[in-house]
Amino acid sequence: EDKVVQSPLSLVVHEGDTVTLNCSYEVTNFRSLLWYKQEKKAPTFLFMLTSSGIEKKSGRLSSILDKKELFSILNITATQTGDSAVYLCAIPQGGSEKLVFGKGTKLTVNP
Amino acid sequence: NAGVTQTPKFQVLKTGQSMTLQCAQDMNHEYMSWYRQDPGMGLRLIHYSVGAGITDQGEVPNGYNVSRSTTEDFPLRLLSAAPSQTSVYFCASSYSGGTNEKLFFGSGTQLSVL
């Protein structure tokens, strides 16, 4: 059964800290891994990773995939209070369009 | 460009009542899906559709029906609401095929069943 496990489930940091969020997965017929940010409402897309070792970057956020060890990390440098959110990792199930989500990491950034 | 539009945003039902959550997208996406989100459970897939006239079950389909008569619309019906269906519901859509799994989400419906 395809599954996604995220860790930690919850994280509290101070502004300016750097954080690393983890996502491990098991899937038949890997196609991609996606990261989303969810604040109060709908998840919003951050990154889609398909190739090992190639870092995707957007401002202070970056992500990388390791297809051999079956995990991805999401890094946030110089965190700000606006980074407080739930970060979700997802993979297409069995090579289909159906996304299977992890339970998310709740990040709280305190001033 | 409206994207994915869900209505209503909030709803309170009594046990046994039925209702339909509406979802429409204007991006000509073939793939549409419904998720529910509960505390500590993440997003769980209820039903999905890969095109007009085609629907299939996800992880938690019991108590819900869907139909896809047009590309744009994908309503979710609660047949006889139960307190266990209290949740936040999200509709999402994406292009179908290839490696384009990026989902676009609606703003969600918060449903309470008393």
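Just so we're on the same page: letters track the sequence lines, and every chain starts at 1.
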Tell me which donor-acceptor pairs under 3.5 Å the side chains of residues 81-92 of chain A have, and how far apart each pair is, sequence neighbours excluded?
residue : atom : partner : partner atom : Å
A/D83   : OD1  : A/R60   : NH2          : 3.0
A/D83   : OD2  : A/R60   : NH1          : 2.8
A/D83   : OD2  : A/R60   : NH2          : 3.3
A/D83   : OD2  : A/Q80   : N            : 2.8
A/S84   : OG   : A/T81   : O            : 3.1
A/S84   : OG   : A/V109  : N            : 2.9
A/Y87   : OH   : A/D83   : O            : 2.6

Using heavy atoms and a sub-4.5 Å threshold, report which of residues 104-114 of chain B line up against chain A, by residue number. B/F105, B/G106, B/S107
Atom pairs and distances, side-chain donor-acceptor, residues 43-55 of chain B, under 3.5 Å, sequence neighbours left out:
residue : atom : partner : partner atom : Å
B/R44   : NH2  : B/D38   : OD2          : 2.8
B/H47   : ND1  : B/D56   : O            : 3.4
B/H47   : NE2  : B/Y64   : O            : 3.1
B/Y48   : OH   : B/D56   : OD2          : 3.3
B/S49   : OG   : B/G51   : N            : 3.3
B/S49   : OG   : B/G51   : O            : 2.9
B/S49   : OG   : B/I54   : O            : 2.5
B/S49   : OG   : B/R68   : NH1          : 2.7

Verify, without hydrogens or angle tests, whether A/Y36 (side chain) and A/F47 (backbone) share a donor-acceptor contact under 3.5 angstrom. no
Using non-hydrogen atoms only, which part of B/Q6 is less than 4.5 Å away from chain A: side chain, backbone, both, or neither? neither
Whether the side chain of B/Q37 engages the backbone of B/M41 through a donor-acceptor N/O pair (distance < 3.5 Å, no angle test) should be reported. no
Going by the rule side-chain contact (heavy atoms from CB on, under 4.5 Å), which residues pair with B/P39 if we only count those two or more places apart in sequence or in a different chain? none
Linking I/L/V/M/F/W/Y whenever their side-chain heavy atoms sit closer than 4.5 Å, directly or via other members, would A/V19 and A/F71 fall into one cluster? no
Heavy-atom pairs under 4.5 Å with chain B - which of A/Q6, A/K106, A/K98 has more of them than the others? A/K98
Measure from the side-chain N and O atoms of A/S51 to the backbone N and O of A/I54, and report whether any donor-acceptor pair falls under 3.5 Å. no
